[in-house]
Amino acid sequence: MALRLDKYLTELGIGTRSEVKKLIRAKQITVNGEPAVKPEMKVNEQSDKVCLRGEELTYASYEYYLFYKPAGCVSATEDTVHRTVMDYLTDTVRSDLFPVGRLDIDTEGLLLITNDGALAHELLSPAKHVAKTYYARVAGKVTQEDVNLFEKGVDIGEDKLTKPAKLVILSNDTPYADAGKSLPENGECRKILPGEIPEDGILSEIELTITEGKFHQVKRMFEAVGKKVVYLKRLSMGPLVLPEELAPGEYRPLNEQELAALKSRQ
Ligand code: URA
């Protein structure tokens, strides 16, 4: 497929429309070895060789990355105060990447980053019921009664109760010093902070799978049963699992199997 040279260059983040026009005028861009003269000239992203100051550019229509979001960064593309997830993605091709969905600033774990708007829409659509699994540390004792309530749905102040969610208690008498020891996936986990230590020193460790994505949903579900989430980490989203080899702040492209699994959902 052919597209305009200025669009090709802006999509790759080379600059704004006016900046890439200046580059073209300054003969900094070549197409198949010849200096480009018009921003509107058509280039074929598969067969044409486009260079910026002699360096060949690589075009990609879509990119997909698994990112291990650390605490302290926001799930946005721009923010005037905090680091955004995009500040961590330094080695990507496209300029139009965005995170699929949001995790709270203090939540860690799996985020899919892409520029595939249709796929993002599918994954976030409430009608698709994409399962998301979280590991959480909750102050106090999470009980079988909570498991039953989450299965039925709880009132988090929305029009309807939450959809049935699967709560698995990994431990409900963990002294805070031992928190994280029963973390099943990706054992890496930040240290507990002083403000997160419950008065009685006891934490529960749980895994919760939900199929919705309401604002602060996991924290609000526990609030609905009188408990406080002190640490939250997303382990999976649909067929995607937080890769063990990633440390907080790291990312890697989806592999073929992951991409195929995602696309087969559509
Ligand atoms: N639920 C929450 O409460 N916070 C998140 O970041 C994700 C799910």
Side-chain angles (χ1 to χ4, degrees), residues 65-77 79 81-88 98-114 120 123-126 128-140 142 146-147 149-151 153-170 179-180 183-186 188-190 192-193 195-196 198 203-242 246 248-251:
Y65 296 98
L66 293 179
F67 175 57
Y68 187 160
K69 177 192 171 306
C73 87
V74 289
S75 308
T77 50
D79 194 277
V81 180
H82 299 102
R83 288 194 83 176
T84 73
V85 295
M86 305 319 297
D87 292 331
Y88 291 83
F98 60 88
V100 178
R102 283 169 184 264
L103 292 177
D104 299 336
I105 188 162
D106 57 350
T107 301
E108 300 184 349
L110 179 72
L111 258 186
L112 171 66
I113 314 272
T114 185
L123 284 170
L124 298 176
S125 157
K128 299 283 167 170
H129 307 295
V130 174
K132 282 146 291 213
T133 299
Y134 295 85
Y135 162 85
R137 294 178 196 146
V138 181
V142 174
D146 299 324
V147 173
L149 286 168
F150 279 17
E151 171 60 35
V154 290
D155 183 359
I156 59 168
E158 302 274 334
D159 294 346
K160 292 184 180 160
L161 297 184
T162 52
K163 293 223 156 56
K166 188 171 159 50
L167 174 59
V168 176
I169 301 172
L170 304 172
L183 184 63
E185 298 272 351
N186 199 327
E188 219 283 328
C189 195
R190 74 163 166 73
I192 200 148
L193 304 174
E196 298 170 351
L203 289 172
S204 298
E205 294 181 78
I206 62 93
E207 260 186 37
L208 178 64
T209 302
I210 57 176
T211 57
E212 305 166 280
K214 301 247 156 59
F215 184 60
H216 293 331
Q217 180 152 349
V218 176
K219 292 173 185 165
R220 286 162 71 201
M221 286 176 75
F222 277 99
E223 269 164 30
V225 295
K227 300 194 168 82
K228 184 169 165 43
V229 170
V230 295
Y231 173 82
L232 188 60
K233 173 176 179 174
R234 183 151 71 190
L235 303 175
S236 67
M237 179 178 185
L240 304 176
V241 175
L242 183 64
L246 293 185
E250 291 185 345
Y251 65 98

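Both ligands and their constituent atoms are indexed starting at 1 by order of listing. Side chains are part of it too, since the values below use all heavy atoms of this structure and drop only hydrogens, waters and symmetry mates. Computed from a prediction, not measured in an experiment: that's the story for all the values here.
Contact of the Y88 side chain with the C73 side chain is registered, since non-hydrogen atoms from C-beta on lie closer than 4.5 Å. Taking 4.5 Å as the limit, some side-chain heavy atom of V225 sits within range of a side-chain heavy atom of F150. When side chains are defined from C-beta on, R137 counts as touching E205, because their heavy atoms get closer than 4.5 Å.
Within 6.0 Å of CZ in R102 there are 12 or fewer heavy atoms belonging to other residues, nucleotides or ligands.
Scanning all heavy atoms of the two residues, the minimum distance from M86 to T77 falls at CG-CA, 3.6 Å.
Between the side chain of E207 and the backbone N or O of T133, no donor-acceptor pair lies under 3.5 Å.
Contact residues of ligand 1 (protein heavy atom closer than 4.0 angstrom to a ligand atom; sorted by chain and number): L103, D104, T107, Y134, H216, Q217, V218, K219, L232.
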